[in-house]
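We count ligands from 1, going down the list as the structure has it; atoms in each ligand are counted the same way.
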Amino acid sequence: MAQTPSHTLEQTLSIIKPDAVEQNQIGNIIEYFERDGLNVVAAKMIHLSTEQAKSFYAVHAEKPFYEDLVKFMTSGPALIMVLEGENAITRNREIMGATDPSKADAGTIRCDFATSIERNAVHGSDSAEAAKKEILFFFKPNEIFRRT
Ligand code: CMP
């Protein structure tokens, strides 16, 4: 039997972080997602509380950068979104580029907008498990647009 190519419609969590929001780069960053086939199906702007930021980044609690990360993520509003598209989780990470902008490929969001490994403009879920958990952290199912 002929193999059909795999098409996996996925959702992933994306955050435009306080540095990029402060620099008025929301529209420019969303353009990177939309021109590469990722659509915004939910969005809200939140100024995270310390409790929210600590809880969201709990997996990094033992890391030396944790306190600074929490301070940065609570320094101003962030745009929290659900992105949907074919292989959205991997694709989003490709569009964002490496965590450290000095290692990010040309044309990626972090290469173009991030200023350091901490002030790195965007966050994206790193696995299907993380995407599910992170989307639920911020959104109720009825806050996410469904085309069907
Ligand atoms: P993000 O994708 O949001 O996931 C965890 C965040 O921790 C990461 O982006 C960076 O902003 C931050 N981070 C990761 N490694 C370091 C590091 N070595 N020093 C400072 N911040 C880091």
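Within the 4.0 Å heavy-atom shell around ligand 1 one does not find Arg119. Proximity of Tyr57 to ligand 1 is established by a heavy-atom distance of less than 4.0 Å.
Both the sub-6.0 Å distance and the 45° axial angle are not jointly satisfied by Lys17 relative to the ring of Phe72. Cation-pi geometry between Arg35 and Tyr32 is satisfied (NZ or CZ under 6.0 Å from the ring centre, within 45° of the ring normal).
Between Phe139 and Ala42, the shortest heavy-atom contact is CE2-CB, 3.7 Å.
At a 4.0 Å heavy-atom cut-off, ligand 1 does not touch Lys63 at all.
Within ligand 1, the atoms closer than 4.0 Å to a non-hydrogen atom of His123 are 1 (P), 2 (O), 3 (O), 4 (O), numbered from 1 in the order shown. Heavy-atom proximity to His60, at under 4.0 Å, picks out these atoms of ligand 1: 5 (C). For ligand 1, the atoms sitting less than 4.0 Å from at least one non-hydrogen atom of Arg110 are 2 (O), numbered in the order shown with element in parentheses.
Atom CG of Asn87 and atom OG1 of Thr8 lie 5.0 Å apart (nearest 0.5 Å).
Taking the six-membered ring for Trp and thresholds of 30 and 60 degrees, His60 and Phe65 have ring planes inclined between 30 and 60 degrees apart.
In the candidate list Asp100, Ile15, Asp19, Ile117, Ile117 is nearest to atom 19 (N) of ligand 1, counting heavy atoms.
Closest to atom 17 (C) of ligand 1 among all protein heavy atoms lies Phe65 CD2, 3.4 Å.
Every N/O-N/O distance between Thr99 and ligand 1 stays at or above 3.5 Å.
Between Arg91 and Glu10, none of the side-chain N atoms (NZ, or NE/NH1/NH2) sits under 4.0 Å from a carboxylate O, so this pair counts as no salt bridge.
Taking the six-membered ring for Trp and the full ring otherwise, the centers of Tyr57 and Tyr66 sit at least 6.0 Å from each other.
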